[in-house]
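Beneath this line is the structure, given in C-alpha cells, with notes to follow.
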There are 2 protein chains.
Amino acid sequence: MKGKIFIIEDEASIVQLIQHNLEKEGFVVSSSLNGNEGLKELKKFEPNLLLLDWMLPDLSGIDICKNIRRDSNFKSLPIIMLTAKGEEEDKIKGLESGVDDYVTKPFSFNELSARIKAVLRRSDPKVVANELIFEDLKLDRTEKRVFRSDKEIQLGPTEFRLLEFFLTNPKRVYSRDQILETVWPNNVNVESRTIDVHIRRLRQSINIEGKKELIRTVRAAGYSLI
Amino acid sequence: MKGKIFIIEDEASIVQLIQHNLEKEGFVVSSSLNGNEGLKELKKFEPNLLLLDWMLPDLSGIDICKNIRRDSNFKSLPIIMLTAKGEEEDKIKGLESGVDDYVTKPFSFNELSARIKAVLRRSDPKVVANELIFEDLKLDRTEKRVFRSDKEIQLGPTEFRLLEFFLTNPKRVYSRDQILETVWPNNVNVESRTIDVHIRRLRQSINIEGKKELIRTVRAAGYSLI
DNA sequence: TCTTAATGTTACAGAAATATTACAAATTAA
DNA sequence: TTAATTTGTAATATTTCTGTAACATTAAGA
C-alpha cells in the first residue's frame, strides 16, 4: 500500500506534473494552490508526506511548517520543501523549521520521487514497499525475501546480493569482473570462476518446477537476467 | 476491550463518517440525530464517552450536558463537544458545564480519534488499550504486558523493549546496529553479539508449545519478526 | 568430426555467522 | 541488608556459507 501525498505549490503546471506522475506510481495525491487553504485541506486529507513550495503568495513556507509542527496530529508529518535555485538561506531556514529534505527547482521527477521514497522509508516504512520485480520474480529489500510466482525462496547472503544486482538491470549482460566489483565487498580476491558456482546456486534456487530459466549465459561475455 | 461511544449530532454525513471510522477502530458506536431522543437512547446504551454536537435543532448542548450531569448514573460520563468554527463563547460555556474536551469542525478523523483516546485514557484507562498486535502476539504498552495466544508472558525490560521495537515494524529486517541504536539507551556501549543473547531470551519466552517461531534470523542482515 | 575454450557441476574443507551456555557484575525487589 | 532478577560478555557448539579445485559437459570454429 502506497501512501498519501499532499502538495502545496502555486504554479499549477508544476502541481499537475508532480501529481500526475505520483499517481502513476500509486500514490494518492491531493493539492492546493495556496497556503491558507492548503493547511485546512491538508489536515482533512491526512497525508503521509507534504510537498511544500517555499515561496507562496499568501503564507510563507516557514509559517506553514510552524503551524504543522504545532498541531499534535501532524507533528511528525514529513515535509519536503521545493525551493527555487539560489535560495540558499531558505534551505537553512527550512531545515531549522523542521523540514525533512528539499529539492531545488527545476528538478527531474525522478529526483523528487527518489527523495520522497527515501524520506518515507525513514518515517513510515510501511507505505513504500522497497521491492524489485521482474516477471514472476520479486525481491523485497526491507524484508530480505525473495519470491518466485509467490512462492518464497531461501537464498544465502551472496546469492541474495547477486540476484539483487541482476534485478536492478534486467536483461543487461554483466561480465564476471563487473559482477565481482559490484556484488562482492571491496578488495576481496576471488577467482572469477567462483561466480559460475554462485550462478549455479542461484539458478538452482530460483528455478522452480515448470517455470522457465531466468538467468542467461552469454558465452564469452557473462550473465544476465534473461 | 474497546469502549462504547454515543454520538448526538444532526448532520447525518458527519455521524456516518465518525461512526464508521470508530467502529473500524474497534469501538461500539450508537448515535442519534436529535437531542431529546438521543438522551433517552444514550441512557439505555450506557456509553463510555459521548460525542455531542453543540448546535442541535431541539435541545442545546448545554441542556444535554446539564441533564446528563444531573443523572447520578452518568455524572462522570466523559463528553467531547463538536463545535463549529468561531463559536468561541460556546467552548467556554461548554467547558463550564462539564465538557471534557472539544473539537472544532471541520476536523480530521485522526484528530478526533486522538482526543477521544486521550479523554478515555484519563477517565477509563481500561477501554483504550494501547497495544501492538502481530498474529497471536499482543503487547500492551500501557499495562506493560505481553500475551501469546492470550497466554501472558513474562519478559525482562530489555526483552520487552526489543519486542516492542519489532512489533512497530513487523517483517522488516533490522541489523544489530539498528537494533542497538533504537532499543538501547543512547551512548551505551554494548557488543553487537549481545543482541544474539537477548534474541535467544526473547525467543525462549514467546515461543510457546505448538506455536510457530516468530523471530526470523536473516544471515548477514539481522533479525525480524517473521 | 575434432579440438579447444568456456561453462556447468560436484564435493569438500575452511571460514564466517549464529546459537547456546554459563557466569559474574549490576540492578531491583523484598 | 539479603535475595532475586536482569544484563553483558566470553567461551564453546552448531549451523550455514564460501571459495576452490577437479572433473564433466557444451558450443563453436577449424
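Chain letters run A, B, ... following the sequence lines, proteins first and then strands; every chain starts at 1.
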request  = Quantify the bending of the helix from C:dT1-D:dA30 to C:dA30-D:dT1 as the angle between its end axes, each fitted on five pairs, to 10°.
outcome  =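 Rounded value for the end-axis angle: 30°.
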
Donor-acceptor contact present, side-chain [X] to main-chain [Y], <3.5 Å:
X      : Y      : result
B:R203 : B:I215 : yes
A:R145 : A:D140 : no
B:N48  : B:G3   : no
A:R115 : A:N110 : no
A:T182 : A:Q178 : yes
B:E23  : B:H20  : no

query = Do A:Y223 and A:F166 have ring centres separated by under 6.0 Å?
reply =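 Between A:Y223 and A:F166, the centre distance exceeds or equals 6.0 Å.
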
inquiry  = Using a strict heavy-atom distance below 4.0 Å, which residues from residues 158-173 of chain B are in contact with DNA chain D?
reply    =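 Going residue by residue through residues 158-173 of chain B, the ones with a heavy atom under 4.0 Å of DNA chain D turn out to be B:T158, B:E159.
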
request  = Give, ordered by number, those residues of residues 215-226 of chain A having at least one heavy-atom distance below 4.0 Å to an atom of DNA chain D; if nothing qualifies, reply none.
outcome  =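 Nucleic-acid contacts, sorted: A:R219.
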
request  = Enumerate the residues from residues 193-201 of chain A whose closest heavy atom to DNA chain C is under 4.0 Å, giving them by residue number; use none for an empty result.
outcome  =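 Here the set is A:R193, A:D196, A:V197, A:R200, A:R201.
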
task = Establish, with yes or no, whether the OP1 or OP2 oxygen of D:dT7 is under 4.0 angstrom from a side-chain nitrogen or oxygen of B:W184.
result =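 Answer no for this pair, as no side-chain N or O of B:W184 is under 4.0 Å from OP1 or OP2.
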
message = Tell me whether A:K4 forms a cation-pi arrangement with A:F27, defined as NZ or CZ under 6.0 Å from the six-membered ring centre and within 45 degrees of its axis.
response =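 Judged by the rule (NZ or CZ under 6.0 Å from the ring centre, within 45° of its axis), A:K4 is not positioned above A:F27.
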
query = Sequence neighbours excluded, which residues qualify as salt bridge (charged side-chain N to carboxylate O under 4.0 Å, His left out) partners of B:R172?
reply =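 None.
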
Which atoms of nucleotides 24-30 of chain C (N or O only) lie under 3.5 Å from a protein N or O atom, and what are those distances?
none

task = Could you grab the distance from atom CZ of A:F74 to atom OG of A:S76, nearest 0.5 Å is fine?
result =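 Answer for the CZ-OG pair, A:F74 versus A:S76, is 10.0 Å.
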
query = Tell me: CD of B:Q154 to C1' of D:dA4, nearest whole Å?
reply =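 These atoms are roughly 14 Å apart.
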
inquiry  = I need the CG-C1' distance between B:L202 and D:dT6, as an integer number of Å.
reply    =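 Rounding to the nearest Å, CG of B:L202 and C1' of D:dT6 are 15 Å apart.
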
